[in-house]
Amino acid sequence: PGSAGLLMSDWTRLKDLSHSLVMESFIYDIDLLSWLLNSLPKEVVSFSGRNMFVPDRKPESDEEMFPYTQWPEKPMNQSATSCPFGTDKSIDDNQLVMMNFQNQTRVTLHLNTHS
């Protein structure tokens, strides 16, 4: 949870300063898949949402909140928030991507910031 808390608290929580979850976390893996399969995606569909790091899911006690604030590194931006469950973010915290490659291989990716 610490890395997810940092992602949702630092500058990476703002879409105008970063990118979508796929772009920030998985774009090179898609390149690797294309290389391993020796094929390129021909169809892609994606669904995403902000369902975990929302105010309604904020832990009630300091003890429950503790894992989300134990970041592996310090925020890079001084405008970072100390609470990853706030409303001041514009990126989604989960995303599902389905790809159909030119060679008819199908790949499903599920990305989330909270596992």
Item to check | Qualifying salt bridge (Lys or Arg N to Asp or Glu O under 4.0 Å) pairs, either residue in residues 39-50, two or more places apart | outcome: Arg50-Asp92
Item to check | Asn100 side chain vs Arg106 backbone, donor-acceptor pair below 3.5 Å | outcome: no
Checklist entry - Is Met65 reachable from Met52 through a run of I, L, V, M, F, W or Y residues, each pair having side-chain heavy atoms under 4.5 Å apart? => result yes
Checklist entry - In the hydrophobic clustering (ILVMFWY, side-chain contacts below 4.5 Å, transitive), which residues join Met98, or is it alone? => result Val45, Phe47, Leu96
Checklist outcome for this item: Rounded to the nearest 0.5 Å, the CG atom of Asn51 sits from the CG atom of Asp93 at a distance of 6.0 Å
Item to check | For Arg57, all residues meeting salt bridge (Lys or Arg N to Asp or Glu O under 4.0 Å), sequence neighbours excluded | outcome: none
Item to check | Qualifying residues under side chain to side chain contact (heavy atoms under 4.5 Å, CB included), relative to Leu109, sequence neighbours excluded | outcome: Phe26, Ile30, Leu33, Val97, Met99, Val107
Checklist entry - Is the number of heavy atoms from other residues, nucleotides or ligands within 6.0 Å of CG (Asn38) greater than 12? => result no
Item to check | side chain to side chain donor-acceptor pair (under 3.5 Å) against Glu63, all qualifying residues, sequence neighbours excluded | outcome: none
Checklist entry - Which value, rounded to the nearest 0.5 Å, describes the distance between Gln102 atom CD and Ser34 atom OG? => result 9.0 Å
Next on the checklist: How close do Thr87 and Pro55 get, counting heavy atoms only, and between which atoms?
Outcome noted: CG2-CG, 3.4 Å
Next on the checklist: Please enumerate all residues that pass side chain to side chain donor-acceptor pair (under 3.5 Å) together with Asp56, with sequence neighbours excluded.
Outcome noted: none
Item to check | Over 12 non-hydrogen atoms of neighbours within 6.0 angstrom of CD in Gln104 | outcome: yes
Checklist entry - Are Ile27 and Leu40 in one and the same hydrophobic cluster, where Ile, Leu, Val, Met, Phe, Trp and Tyr link if side-chain heavy atoms are under 4.5 Å apart? => result no
Checklist entry - Of all residues at least two apart in sequence or in a different chain, which pass the ring-ring contact (aromatic ring centres under 6.0 Å, His included) check with Phe85? => result Phe53, Tyr68
Item to check | Residues that Thr105 engages under side chain to side chain donor-acceptor pair (under 3.5 Å), provided they are two or more places apart | outcome: Asn103
Checklist outcome for this item: Of all heavy-atom pairs linking Ser48 and Gln95, the shortest is CB-CG, 3.7 Å
Checklist entry - If you link I, L, V, M, F, W and Y whenever their side-chain heavy atoms are under 4.5 Å apart, who else ends up in the same group as Trp35? => result Leu32, Leu36
